[in-house]
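Encoded as structure tokens, the structure appears first; notes follow it.
Residue numbers start from 1 in every chain, and the chains themselves are labelled A, B, ... in the order their sequence lines are given, proteins ahead of strands.
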There are 2 protein chains.
Amino acid sequence: MLRGEIMNTIQDVAHEAGVSVATVSRVINNNDNVSTNTKNKVLKAINKLEYTPNLLGRNLRKKRTYKVLVLVPTLSNEFYSEIVRGVEDVASKDNYYVMVCSTHSNKETEKAYLNMFYNQLIDGIIFTAPEMSGEEMMDIANKYPVIQCSEYIRDSEVSWVSINNYQASYDAIKYLIDIGHKDIAIIGSENGFVSSIKRQQGYMKALQHNNIKINNDYIIQTNYEYEDGINGCIKLMNLEKPPTAIFCGSDAIAVGVIRQLTKQGIQVGEEISVIGFDDTNFAAYYNPPITTISQPRYEMGKIAMELLLRKINNIKCKNEYIILDHKLTIRESTITE
Amino acid sequence: MLRGEIMNTIQDVAHEAGVSVATVSRVINNNDNVSTNTKNKVLKAINKLEYTPNLLGRNLRKKRTYKVLVLVPTLSNEFYSEIVRGVEDVASKDNYYVMVCSTHSNKETEKAYLNMFYNQLIDGIIFTAPEMSGEEMMDIANKYPVIQCSEYIRDSEVSWVSINNYQASYDAIKYLIDIGHKDIAIIGSENGFVSSIKRQQGYMKALQHNNIKINNDYIIQTNYEYEDGINGCIKLMNLEKPPTAIFCGSDAIAVGVIRQLTKQGIQVGEEISVIGFDDTNFAAYYNPPITTISQPRYEMGKIAMELLLRKINNIKCKNEYIILDHKLTIRESTITE
DNA sequence: TTGTACGCGTTATCAG
DNA sequence: CTGATAACGCGTACAA
């Protein structure tokens with residue numbers, strides 16, 4: 001390795017400036033008990049040697065890494081990238097580095113990242129779609145700073161920030177009813193996340209409150225990908241009485257649904273309504289643009305990081321359960337009155 | 001901090017096993033000069049205390065961090081997430097952690113991440129869309145292990161892995177000509193990346209070789225986002241003689257173009273052809289599905305990490321410039337014969 | 001085969 | 001206001 005030779009240490013600076021390493025350290029860390037004179041000498045030496053502190057040494061000493069991990073199920077979903085932006089903006093103010101890693105929705109992979117706690121490589125984790133059980137989550141949270149963001153585990157007493165998925169779903173269905181629909185289907189997930197369950201509850205309640213009978217054929221449990229939308233759509237349209245509106249648990253599902261409907265020659269936004277979830281960037285640019293539930297992703301990330309910082313500074317600080325506002329964004333995939 | 005109290009160190013293990021820390025270290029690192037008997041004692045102690053090595057200490061000692069950085073312009077483009085998957089798969093074999101960070105295409109942000117070299121927080125960087133100059137890149141590469149992946153800087157003698165962007169573009173245009181087009185436009189980027197320039201060269205050469213005059217009105221330089229596709233499309237369709245085919249520098253541009261054409265009531269795939277670039281996952285699910293150039297993203301990531309490992313182990317190893325195969329994937333956004 | 005002792009680069013404590 | 005020195009947790013040359 002060449003690196004060792006070219007990096008100057010605090011000792012080199014001390015030697016160059018003709019002071020002790022302690023003094024150099026004081027200057028670096030802005031401990032004010034140092035005279036302007038020596039301070040200048042040190043600064044000059046730092047400049048001359050192009051010195052930057054070795055954070056490995058500092059962190060070892062401080063027993064902090066100034067790094068946090070954001071665990072996402074997949075990097076290829078821009079829903080999460082907006083959350084990360086929020087996290088980064090808060091983190092950078094406190095000189096924290098943010099690492100983003102993907103679990104690929106795999107419990108083992110998720111577990112592997114917990115090793116970074118044991119190895120003391122990170123100070124905290126933000127989970128966006130935890131795979132572990134509530135019990136495991138609480139075990140971790142007792143020992144290490146963790147926050148749940150967006151997705152969270154039911155019955156786990158571990159801080160989270162999310163939206164009211166029940167209400168969001170309710171609002172979407174209510175809107176469909178208002179514009180004249182009665183035969184409304186839902187394509188959701190069977191992943192067991194709170195969000196999925198609550199979205200289904202919102203769907204049911206909205207129908208009930210409007211005296212519409214629940215048709216089990218209209219409820220499809222699958223996953224959140226394009227292909228799931230296609231398959232779900234095929235099933236629904238093969239029914240004796242197909243729905244006139246389809247509420248989807250993700251924008252990706254909505255894309256699959258619309259694609260399939262178009263393929264079958266059905267005009268989305270005229271003959272049938274489709275609603276997505278998340279308002280990922282492409283929703284506005286799909287053909288037709290997709291009506292969807294907007295989540296305050298950036299804000300969620302910011303708050304998650306703020307909560308995490310609090311936990312890092314005091315693992316025993318009390319848990320917070322924060323609900324942010326959602327919004328129904330109406331575009332052309334739903335029939336206009 | 002609670003953490004300090006609950007983590008056991010190598011000393012605790014040594015004490016528990018009744019041996020020296022050196023022996024424990026030998027067991028951990030599989031240095032074979034230790035008797036089966038003491039080895040077992042140590043292992044038992046490790047187990048009992050649930051000991052895991054503090055990587056901060058180890059890395060400080062070894063002067064390696066076993067971490068590499070992948071710098072992407074944005075996390076919200078799944079083109080990069082596939083590259084990262086390739087990087088991860090190679091890295092994990094050698095016990096390297098992969099950190100993904102976003103520069104937001106900002107030169108200053110990119111520079112800030114270089115501090116991680118100076119602070120000795122990482123062993124190497126893979127750039128996917130470097131913002132710095134060729135000179136700066138070579139400066140860095142002289143001192144630290146870095147690789148360029150996908151995008152690279154012209155005239156910089158720093159290893160890269162990419163595709164032949166000239167040929168890819170040429171193939172796309174040739175295909176359009178073969179299916180009967182002559183009025184072919186290109187919406188590319190003015191970002192100055194090699195890829196953009198070569199794609200434009202491929203476009204021009206393909207036209208020339210087929211005796212089609214180059215029309216400057218048909219060449220639009222912009223960025224790679226949805227909105228750029230929309231604006232470019234508007235310009236083109238306002239021409240006295242609009243093109244019958246549009247070749248786009250990214251799938252996002254193609255999405256914008258198709259969206260705009262549809263809005264204007266023009267049937268894509270029947271009245272006009274559109275080709276994208278990258279074959280991001282949604283290309284196959286857009287309405288209509290988009291003909292595009294597929295890049296071997298996963299493979300690119302794998303090779304980039306292999307090259308990086310070589311550099312980490314020997315900064316002076318010779319540079320490699322690797323070109324992988326691309327493929328034209330034909331879907332419904334181009335007119336079929 | 002095992003233990004002692006030092007160093008990695010930093011910060012914190014204690015004297016002066 | 002400044003300097004010596006002891007930690008932080010680990011790996012390794014050297015000695016035993």
If you only use heavy atoms from C-beta on, which nucleotide in dT2(C), dA12(C), dG11(D) is closest to the side chain of T38(B)? dT2(C)
Among dT10(C), dG11(D), dC10(D), which nucleotide has an atom closest to any side-chain atom of S25(B)? dG11(D)
Distance-only donor-acceptor test, R61(A) side-chain atoms vs dT10(C) base atoms, 3.5 Å: no
For the side-chain contact (heavy atoms from CB on, under 4.5 Å) test, which of L43(B), V42(B), T38(B) pairs with V24(B)? V42(B)
Closest approach to the side chain of R26(B), judged atom by atom: which nucleotide of dA13(D), dA12(C), dT10(C) is it? dA13(D)
Tell me whether the count of non-hydrogen atoms from other residues, nucleotides or ligands lying under 6.0 Å of NE2 in H104(A) goes above 12. yes
I want to verify a distance call: between dG3(C), dT5(D), dG9(C), whose nearest atom is closest to the S20(B) side chain? dG3(C)
Base, sugar-phosphate, or nothing for T23(B), non-hydrogen atoms under 4.0 angstrom? sugar-phosphate
Earlier contact from the 5' end, DNA chain C, for L56(A) and T36(B): T36(B)
Using whole Å, report how far NE2 of H15(B) lies from P of dG9(D). 16 Å
Side chain of S35(A) (C-beta onward), nearest among dC8(D), dT2(D), dA4(D): dT2(D)
What's the verdict on side chain to side chain contact (heavy atoms under 4.5 Å, CB included) for C317(A) and K311(A), showing C-alpha distance, side-chain angles and the deciding distance? CA-CA 6 Å; C317(A) 79; K311(A) 278 280 177 208; 4.0 Å; yes
Of the listed nucleotides dG11(D), dA7(D), dG9(D), the one nearest the side chain of N29(B): dG11(D)
With a 4.0 Å limit, can you tell me whether K63(A) has a side-chain N or O closer than that to the phosphate oxygens OP1/OP2 of dG9(D)? yes
Counting the atoms with a prime plus P, OP1 and OP2 as sugar-phosphate, which does N59(B) contact under 4.0 Å by heavy atoms, base, sugar-phosphate, or nothing? nothing
Nearest whole Å is fine: how far is dC10(D) C1' from L55(B) CG? 10 Å
For K39(A) and dC1(D), give me the distance from atom NZ to atom P, rounded to whole Å. 11 Å
Presence of Y51(B) side-chain N/O under 4.0 Å of dC10(D) phosphate oxygens OP1/OP2: yes
Derivation and outcome, side chain to side chain donor-acceptor pair (under 3.5 Å), residues E136(A) and S133(A): CA-CA 5 Å; E136(A) 292 169 308; S133(A) 72; 3.1 Å; yes
Euclidean distance, atom CG of residue N40(B) to atom P of dT1(C) [Å, nearest integer]: 14 Å
Using atom CD of Q11(A) as one end and atom C1' of dA4(D) as the other, report the distance to the nearest whole Å. 12 Å
Assess the residue pair T65(B) and N59(B) against the criterion (side chain to side chain donor-acceptor pair (under 3.5 Å)); give the C-alpha distance rounded to whole Å, side-chain angles, the decisive distance to 0.1 Å, and a yes or no. CA-CA 5 Å; T65(B) 67; N59(B) 294 343; 5.8 Å; no
Let me know the distance between NZ of K41(A) and P of dC1(D), rounded to the nearest Å. 14 Å
Looking only at side-chain N and O atoms, does E151(B) offer a donor or acceptor that is under 3.5 Å from a partner on S162(B)? no
dG9(C) phosphate, OP1 or OP2, under 4.0 Å from R58(A) side-chain N/O: no
Where the side chain of N33(B) is concerned, which of dT10(C), dT11(C), dT1(C) is the nearest nucleotide? dT1(C)
Separation of dT10(C) atom C1' from I28(A) atom CD1, nearest Å, is 8 Å
Please report, rounded to the nearest Å, how far the C1' atom of dG7(C) is from the NZ atom of K62(B). 15 Å
With respect to the side chain of L60(B), which nucleotide from dG11(D), dT11(C), dG9(D) is positioned closest? dG9(D)
If you pin G57(B) and N37(B) to their nearest nucleotides in DNA chain C, which one's is more 5'? N37(B)
